[in-house]
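Here is the structure we will look at.
Numbered from 1 within each chain, the chains take letters A, B, ... in sequence-line order. The model shown is predicted, which means the values in this text are computed figures rather than measured ones.
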Amino acid sequence: MTQETGPDLQALRHSASHIMAEAVQALFPGAKFGIGPTIESGFYYDFDLPRSLTQEDLAALEAKMAAAIAANLPFEHWTLPKEEARALFAGQPYKLELLAELPDERVSIYRQGAFTDLCRGPHVASTGQVRAFKLLSVAGAYWRGDEKRPMLQRIYGTAFPTGQELEDHLARLAEAERRDHRRLGQELELFSLHEEAGAGLVFWHPKGALVRHLIETFWKEEHLKRGYQLVYIPHISRAELWQKSGHLEFYKDSMYSPMEVDGQDYLIKPMNCPGHILIYKSRLRSYRELPLRWAELGTVYRYERSGVLHGLTRVRGFTQDDAHIFCRPDQLEAEVVGVLELARYMLQTFGFSEFQVLLSTRPEKYTGTLEVWETATAVLRRALERLGQPYEVDPGEGVFYGPKIDIKLQDALGRTWQGPTTQVDFNLPERFDVNYIGEDGREHRAVMVHRTVLGSLERFMGCLIEHYAGAFPLWLAPVQVALIPIADRHLDYARALAARLREAGLRVEVNEDKSRMQAKIREAQNQKIPFMLILGDSEVAASSITVRRRSGENLPGLTLESFLKLAQEDLAARR
RNA sequence: GCCAGCGUAGCUCAGGGGCAGAGCAGCGGUUUCGUAAACCGCCGGUCGUCGGUUCGAUUCCGACCGCUGGCUCCA
């Protein structure tokens with residue numbers, strides 16, 4: 001595969017974006033131009049147009065672009081004093097705004113054909129060098145990303161050095177669509193969302209619930225092994241609690257309106273932390289019992305603007321795999337190391353091996369003293385270094401209450417997802433007086449760490465579905481074995497086998513449909529069931545099993561025992 | 001929330017100011033031996049909701065709800 005970044009590809013795509021802008025200018029003489037940069041997988045350009053663009057417009061624009069490319073006109077480059085540039089872009093308010101912000105006396109201009117743009121470049125030598133391109137979609141985008149400013153129309157497109165690479169890219173997009181968890185969630189009967197119930201609220205069907213149960217069980221066992229304890233807290237609490245935690249002050253926009261109970265306001269929890277703190281504060285805590293690691297699959301509800309909701313990955317009710325660690329300052333580093341190790345282990349178990357680790361430091365608005373921030377940031381840094389974990393610093397991206405480490409993971413298609421996060425919190429211990437009695441008999445402030453390993457079960461499962469393309473490894477597959485009798489006379493044999501497999505702990509289904517074997521195989525394939533057992537006369541006669549894996553691999557004449565062994569191996573390896 | 005598009009059977013979709021359509025799924029029957037769809041029949045709909053225009057609206061208009069692609073924001 002060809003390198004997807006690098007100056008040449010950037011120049012190519014940027015040039016394509018100018019060629020597109022020229023086509024827009026030809027089609028809409030009054031068009032005003034925003035910006036047209038390259039992005040990770042292509043380019044876009046923002047326009048202010050007299051009417052909305054349609055899908056048909058894209059075809060017309062592509063045709064114009066093809067003509068410009070065929071003409072093979074040069075990209076000309078020169079610089080101008082700002083004053084002259086202002087005259088040149090007199091009818092272009094967005095360009096004038098950009099111009100006003102440029103510090104230099106002379107500005108850089110590019111022209112190809114009839115289109116002249118304020119642009120740093122670089123570009124390819126001539127339009128003919130842009131061969132493989134495609135316009136993909138139209139979307140609204142605020143000028144400069146500011147929702148108070150005009151909304152422009154953005155056209156997304158992509159371009160590659162060769163037609164083959166463009167085709168490969170389009171094939172990847174098609175593959176992503178095929179793996180879309182919303183589509184697979186319906187086809188595999190994992191979950192649904194209902195207009196009747198409200199947007200962003202997930203209903204788990206038996207098969208999806210089973211996968212979730214398996215993940216949750218694994219999660220709980222792994223946490224218990226590592227010295228975590230499980231807690232449960234109520235879903236609603238009095239407004240006073242959220243007042244004290246500061247959520248009503250800082251997080252109000254994401255919280256639902258109160259409900260009145262016996263004249264008191266109650267709120268649905270958007271976070272689990274205050275609940276865990278109440279448990280902590282139910283009695284005095286000694287330095288000897290720290291660290292306390294309290295974990296909960298805690299369901300929270302947050303208001304999200306309607307436009308951002310998306311399948312399982314952006315919802316209004318979700319279950320965080322949450323935990324809070326209460327510890328002494330001298331324990332923080334070891335705790336952070338433990339969290340990172342746990343995160344890495346869990347993610348690897350689900351088949352994720354590529355991570356990007358980000359250390360987010362103090363933002364402009366923050367609580368706590370500079371000194372605590374520095375110490376805590378240094379601790380996080382040391383923890384990462386102790387693990388030999390490469391990381392990047394994301395300056396100023398910490399939460400107002402403390403620094404954090406975010407892990408981004410890459411799925412099978414190389415797309416990145418927000419994964420585990422570990423945050424140090426200076427705010428809540430202050431607000432709630434989260435203390436312990438030290439060796440000296442005096443009260444000391446505890447350090448509090450919020451952390452999640454999967455993020456939320458909803459989002460993680462959305463990610464998992466796409467990562468596996470719905471073909472869950474054996475340990476997570478809702479149905480592990482489909483028994484396929486070839487004719488009705490093989491049904492009894494199939495049922496007897498099914499009973500023995502269930503006894504061995506496998507999740508099996510006998511296909512008793514009145515359809516042909518081919519149809520039954522197709523159905524099991526579509527349901528992405530890992531094993532199919534094909535049972536006909538010869539199997540019955542020999543008391544054997546013919547196994548078909550969903551990969552298509554065929555293993556005739558196995559005994560029940562050898563099949564169980566095969567399955568056990570896959571289960572143990574979590575394949 | 002904003003811009004654009006969309007909402008017709010369980011699913012995927014066609015249609016269009018005057019009788020509501022297909023394929024798949026489901027149900028019934030016939031059939032059923034070798035690795036991704038046997039055959040026949042039947043059932044299935046307040047055309048997202050509410051309002052308006054019209055003799056007549058699923059179709060045109062408006063509002064709302066929901067979905068999709070983005071923007072902004074996040075687990």
How would you label the contact of [X] with the nucleic acid (heavy atoms, under 4.0 Å): base, sugar-phosphate, or nothing?
X: A:Ser538; result: base
X: A:Thr54; result: nothing
X: A:Lys514; result: base

Distance in angstrom units between [X] [atom1] and [N] [atom2], rounded:
X: A:Ile155; N: B:rG5; atom1: CD1; atom2: C1'; value: 15 Å
X: A:Leu201; N: B:rC65; atom1: CG; atom2: P; value: 15 Å
X: A:Asn526; N: B:rU35; atom1: CG; atom2: P; value: 18 Å
X: A:Gln527; N: B:rA36; atom1: CD; atom2: P; value: 17 Å
X: A:Gln525; N: B:rA37; atom1: CD; atom2: P; value: 11 Å
X: A:Lys520; N: B:rA38; atom1: NZ; atom2: P; value: 11 Å
X: A:Phe47; N: B:rA4; atom1: CZ; atom2: P; value: 17 Å
X: A:His181; N: B:rC67; atom1: NE2; atom2: P; value: 12 Å

Residues that [X] engages under ring-ring contact (aromatic ring centres under 6.0 Å, His included), provided they are two or more places apart:
X: A:Phe47; value: A:Phe33, A:Tyr45
X: A:Phe472; value: none
X: A:Tyr391; value: none

Distance check, [atom1] atoms only: [N] and [M], in whole angstrom units.
N: B:rG5; M: B:rC43; atom1: P; answer: 39 Å
N: B:rG28; M: B:rC71; atom1: P; answer: 50 Å
N: B:rG45; M: B:rG52; atom1: P; answer: 27 Å
N: B:rA25; M: B:rU68; atom1: P; answer: 27 Å
N: B:rC11; M: B:rC19; atom1: P; answer: 25 Å
N: B:rU46; M: B:rU30; atom1: C1'; answer: 37 Å
N: B:rA22; M: B:rG41; atom1: P; answer: 12 Å
N: B:rG44; M: B:rC3; atom1: C1'; answer: 38 Å

Cationic N near anionic O, under 4.0 Å, [X] to [Y]:
X: A:Arg362; Y: A:Glu397; result: no
X: A:Arg178; Y: A:Glu175; result: yes
X: A:Arg149; Y: A:Glu97; result: yes
X: A:Arg305; Y: A:Asp253; result: no
X: A:Arg314; Y: A:Glu304; result: yes

Could you list the donor-acceptor pairs under 3.5 angstrom formed by side chains in residues 196-203 of chain A, with sequence neighbours left out?
none

Practice prompt. Tell me whether the OP1 or OP2 atom of B:rA38 has a side-chain N or O from A:Arg516 closer than 4.0 Å.
Written response: yes
Item to complete: Ignoring hydrogens and angles, tell me if any N or O in the side chain of A:Glu458 forms a donor-acceptor pair with the backbone of A:Leu312 under 3.5 Å.
Response: no
Response to the item:
Residues at least two apart in sequence or cross-chain that pass side-chain contact (heavy atoms from CB on, under 4.5 Å) with A:Pro258, listed by chain then number, are A:Asp265, A:Leu267
Worksheet, complete the sentence: Residues at least two apart in sequence or cross-chain that pass side-chain contact (heavy atoms from CB on, under 4.5 Å) with A:Thr313, listed by chain then number, are A:His181, A:His310, A:Trp417, A:Arg459
Worksheet item: What salt bridge (Lys or Arg N to Asp or Glu O under 4.0 Å) pairs are there with at least one residue in residues 181-192 of chain A, not counting sequence neighbours?
Response: A:Asp180-A:Arg182, A:Arg183-A:Glu187
Do any N or O atoms of the protein come closer than 3.5 Å to N or O atoms of nucleotides 43-49 of chain B, and which pairs are they?
none

Item to complete: Using the closest heavy atom to pick a nucleotide of RNA chain B for each, name whichever of A:His194 or A:Val547 lands nearer the 5' end.
Response: A:Val547
Response to the item:
The residue, A:Ser52 or A:Arg522, whose nearest nucleotide of RNA chain B is more 5′ is A:Ser52
Practice prompt. Could you encode protein contacts along nucleotides 69-75 of chain B as a string, one character per nucleotide from 5' to 3', using B for base contact, S for sugar-phosphate-only contact and - for no contact, with a heavy-atom cut-off of under 4.0 Å?
Written response: BBBBBBB
Discussion item. Among residues 392-403 of chain A, which ones have heavy-atom contacts with RNA chain B below 4.0 Å?
Written reply: none
Worksheet item: Considering only heavy atoms and no angle criterion, is a donor-acceptor pair shorter than 3.5 Å present between the side chain of A:Glu196 and the base of B:rG66?
Response: no
Item to complete: Indicate syn or anti for B:rC71, taking the glycosidic torsion and treating anything within 90° of 0 as syn.
Response: anti
Worksheet item: Quick one: is the NZ or CZ of A:Arg226 closer than 6.0 Å to the six-membered ring centre of A:Tyr228, and within 45° of its axis?
Response: no
Practice prompt. Fit a plane to each ring of A:Phe250 and A:Phe400, take the angle between them on a 0 to 90° scale, and name the class: parallel (under 30°), tilted (30 to 60°) or perpendicular (over 60°).
Written response: tilted
Worksheet item: Side chains of A:Gln320 and A:Ser456: is there a donor and an acceptor less than 3.5 Å apart?
Response: no
Discussion item. Just checking A:Lys134: does its NZ atom have more than 12 heavy atoms from other residues, nucleotides or ligands closer to it than 6.0 angstrom?
Written reply: no
Just the atom pairs and distances: protein N or O near nucleotides 8-12 of chain B's N or O, under 3.5 Å.
unit_1 : atom_1 : unit_2   : atom_2 : d
B:rC11 : O3'    : A:Gln186 : NE2    : 2.9

Practice prompt. Grab the stems for RNA chain B, please: at least three consecutive Watson-Crick or wobble pairs, both distances below 3.5 Å, written as range with range.
Written response: B:1-7 with B:65-71, B:10-13 with B:21-24, B:26-30 with B:38-42, B:48-52 with B:60-64
Worksheet item: Any side-chain heavy atom of A:Leu474 sitting closer than 4.5 Å to one from A:Phe531?
Response: yes
